[in-house]
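Data first, discussion second: the structure below is written as structure tokens.
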There are 2 protein chains.
Amino acid sequence: MNTSAIARLLTASVILIGLLAWAGTLPPDADLLASAREYFEPLPKVMASADNPLSDVKVQLGKMLYYEPRLSKSGVISCNSCHNIATYGVDNMPTSIGHKWTIGDVNSPTTMNAAATVAQFWDGRAEDVEEQAKGPVLNPAEMGIPHEQFAVDRIASIPDYRDLFNQAFPGQENPLTYDNMANAIGAFERTLVTPGRFDTFLEGDTTALTQVEKEGLNAFMERGCTSCHFGATVGGGQFDKFGIYRPYQELTGSTKLDVGRFEVTKNEADRFMFKVPVLRNVSRTYPYFHDGTVWNLKDATRIMGEAQLDEEIPEPELEALVAFLNSLTGEIPKDALQLPVLPPSTELTSRPDVS
Amino acid sequence: MNTSAIARLLTASVILIGLLAWAGTLPPDADLLASAREYFEPLPKVMASADNPLSDVKVQLGKMLYYEPRLSKSGVISCNSCHNIATYGVDNMPTSIGHKWTIGDVNSPTTMNAAATVAQFWDGRAEDVEEQAKGPVLNPAEMGIPHEQFAVDRIASIPDYRDLFNQAFPGQENPLTYDNMANAIGAFERTLVTPGRFDTFLEGDTTALTQVEKEGLNAFMERGCTSCHFGATVGGGQFDKFGIYRPYQELTGSTKLDVGRFEVTKNEADRFMFKVPVLRNVSRTYPYFHDGTVWNLKDATRIMGEAQLDEEIPEPELEALVAFLNSLTGEIPKDALQLPVLPPSTELTSRPDVS
């Protein structure tokens, strides 16, 4: 055996001993479940809202509008362009491409499970998914519709949509409004719930997670990741400062400094505060952080340790954390994946405008 | 009754008399059906190919690639961007938007029923849908992938795709090739058949068309529209000159002169020859002609009369022709509308590049 072989063997032994020593700390299943239930809960069936009660026809209309490219000035960008249902409600781009190939400022967060979170957008400037839906349509860098009435007129020029708004908002004198477009899209988004193995575990079946996933869950709670990432959506419940112990850009390599919620409140305490990302489906919602600078989930987890906990998480624990995070991938609802057939334009429909 | 009321009444009477006189020419149903069967046939269940036999897994893989934005350099443009299944295989744009917001030269033809036609692209430069599928991916103005191997490497970096290529092309030593990507996409496109009421009629149920639709069908055959628009797809069977009696741009308002198939063959006889468009679902595939200059189906039909037949088709007949054309709208296959969940990228997957 030569020196380098001995060195390799020694390294392997050290890792193995570290892993065994650390894995030994895993509590019995019943205790782990009890702890987990203090921080988390299973996803609801739908994410209901008293202000926007769901109906089948409203959800169907909302789905059509979600996939509707005519909600952009150009006629080619829909909600689904940046929040692709086929890829867990994201576009897997650092930041999205909008009207005239404009590059966005922040990463498009997933629409999956988003309705169950405290606020919308990274800086929380929209209260709920209904309010959020009104933003990108009118943003010149996103869908580029010049004003609300333009969107209303375009959709109202299509008889099928007029009928659907009448059915989705019964008893309203003028149901086809910009607000109701957003209400319909919001209603659809409230169905974008992605239950998976973690819910099965939380419901009491502790075999739903593997040993290493349980180790990761335990580490996640022991480390205090749950201070920010808690609840049914494992995140999204509050705002927190990104870079508590080190400026985030030193770790992420971000070239542009985003001050987060400070932009909205102008309150100095909100500088670098961002909405805590939802970790459900995190294996699919790369690249990570508000500016999509980090592609690898292990790197992102390591950075979180350094930036938020001032700790260098050792390799075996990091692997277990990533295994736990991967277990948070759920099922996209089948109905959402069923593309709607969109109704044709009429003579009155404003033409696509790519300028 | 004042003068203008009398004038309106007279105009209405003239139209009514014209309509009645002309409608009287409709042959009995059995004769109309017999004539129709000389020109047309029902759509097949799938559009089979001896060179590219279909299997469930190949079609499923092809569907994933059809909806796959990573087949573009930017990571945001898929086949479905310009050939949207939700809008009958088109984007309803005069010409499409490609990489870096490049405006295309010609209108994106529908992928629905396209596999049953004589050749692909307006100028017929691809023999079949498999060959066609290889074009846009590498076109710098469309999906912008720099070269074939780049696309192969990106897809091969994703384990789920490697598995699916193995299953879809069994017995091949190296199934994940650029050609097989196109074969898979072509296989999916061969399922994009949209049967509708016209097929029911051709199968013998003459009640499937209304009176005015039958009048339109009769006029369509009597006028000789069937010289070019024939077969199961009501078009797509051959190339013909656009502008036999008058230069097309005088009628369409086209600002750019496209010489059509001459570009491919450099044969003077092919100047202004284009693939005859498929009229299946023509009510949904606006705007019309190779450059998408005409939005209204009635206008397009009138222009066809003048350009191709040297005839000014009178109003009631034009209405009947449009009614017949509207009856050619069929059903988009449910399987095609079911969005596939796309597999995640890996460390080896080349990153989106919007430059």
Side-chain angles (χ1 to χ4, degrees), chain A residues 63-64 67-70 72 74-78 80-82 84-88 91-104 281 283-287 292 295-299 326 329 331-332 334-347 349 351-355, chain B residues 63-64 67-70 72 74-78 80-82 84-88 91-104 281 283-287 292 295-299 326 329 331-332 334-347 349 351-355:
Chain A
K63 181 164 81 169
M64 291 166 76
Y67 283 110
E68 180 53 86
R70 285 168 292 192
S72 63
S74 65
V76 297
I77 301 173
S78 69
N80 195 64
S81 300
C82 303
N84 192 343
I85 300 291
T87 49
Y88 283 83
D91 56 6
N92 296 129
M93 302 287 288
T95 63
S96 298
I97 301 291
H99 189 70
K100 296 180 80 172
W101 211 256
T102 310
I103 317 281
N281 309 307
S283 73
R284 304 304 189 99
T285 59
Y286 59 86
W295 284 80
N296 182 287
L297 185 52
K298 195 160 137 186
D299 292 341
N326 281 329
T329 306
E331 291 267 318
I332 301 169
K334 264 206 149 50
D335 279 353
L337 287 164
Q338 186 73 36
L339 266 189
V341 177
L342 299 177
S345 294
T346 66
E347 285 296 297
T349 312
R351 304 266 166 84
D353 180 355
V354 301
S355 70
Chain B
K63 181 163 83 169
M64 290 167 75
Y67 283 110
E68 181 54 86
R70 284 167 294 193
S72 63
S74 66
V76 297
I77 300 173
S78 69
N80 195 64
S81 300
C82 302
N84 191 343
I85 300 291
T87 50
Y88 283 83
D91 57 6
N92 297 128
M93 300 287 289
T95 64
S96 297
I97 301 291
H99 189 69
K100 295 180 81 173
W101 211 256
T102 310
I103 316 281
N281 310 309
S283 73
R284 303 302 190 102
T285 60
Y286 59 87
W295 284 80
N296 181 289
L297 185 51
K298 196 160 136 186
D299 291 343
N326 280 328
T329 307
E331 292 266 320
I332 301 168
K334 265 206 149 48
D335 280 352
L337 287 164
Q338 186 72 35
L339 267 189
V341 176
L342 299 177
S345 295
T346 67
E347 286 296 297
T349 311
R351 303 268 167 84
D353 180 354
V354 301
S355 70

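Sequence lines set the chain letters: A, B, ... in the order given, protein chains first and strands last, and positions in each chain run from 1. All of these numbers come straight from a predicted model, not from anything done at the bench.
Shortest non-hydrogen contact noted between Pro352(B) and Pro94(A) is CG-CD, 4.4 Å. Closest heavy-atom contact between Ser81(B) and Val76(B): OG-O, 4.0 Å. Scanning all heavy atoms of the two residues, the minimum distance from Pro287(A) to Gly292(A) falls at CB-O, 3.4 Å. Residues Tyr67(B) and Ser78(B) come closest through the heavy atom pair C-CB, 3.7 Å. Scanning all heavy atoms of the two residues, the minimum distance from Asn92(A) to Tyr286(A) falls at ND2-O, 2.8 Å.
Looking at Ile97(B), the atoms closer than 4.5 Å to chain A (heavy atoms on both sides) all sit in the side chain, from C-beta outward. Both the backbone and the side chain of Ser74(B) come within less than 4.5 Å of a heavy atom in chain A. With a threshold of 4.5 angstrom between heavy atoms, Gln338(B) approaches chain A through its backbone and through its side chain. Heavy atoms of Ser345(A) lying under 4.5 Å from chain B belong to its backbone as well as its side chain. Heavy-atom distances place no part of Leu297(B) under 4.5 Å from chain A, backbone and side chain included. Of the atoms belonging to Ile332(A), it is side-chain heavy atoms, and not backbone ones, that fall under 4.5 Å from chain B. Residue Pro340(B) touches chain A through its backbone alone, counting heavy-atom pairs closer than 4.5 Å. Contact of Pro343(B) with chain A is made through the backbone alone, with heavy-atom distances under 4.5 Å.
Sparse packing is recorded around CG of Asp335(A), with 12 or fewer heavy atoms of other residues, nucleotides or ligands lying under 6.0 Å away.
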Exercise. Carefully, step by step, assess Thr87(B) and Arg284(B) under the rule side chain to side chain contact (heavy atoms under 4.5 Å, CB included).
Key: CA-CA 7 Å; Thr87(B) 50; Arg284(B) 303 302 190 102; over 6 Å; no
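By number of non-hydrogen pairs under 4.5 angstrom with chain A, the leading residue of Ile103(B), Asn84(B), Ile85(B), Leu339(B) is Leu339(B). The candidate from Met64(A), His99(A), Lys100(A), Met93(A) with the greatest count of non-hydrogen atom pairs under 4.5 Å with chain B is Lys100(A). With chain B as the partner, the residue from Arg70(A), Lys334(A), Arg351(A) showing the most heavy-atom pairs under 4.5 Å is Arg351(A).
For the pair Tyr88(B) and Val341(A), the minimum side-chain heavy-atom distance is below 4.5 Å.
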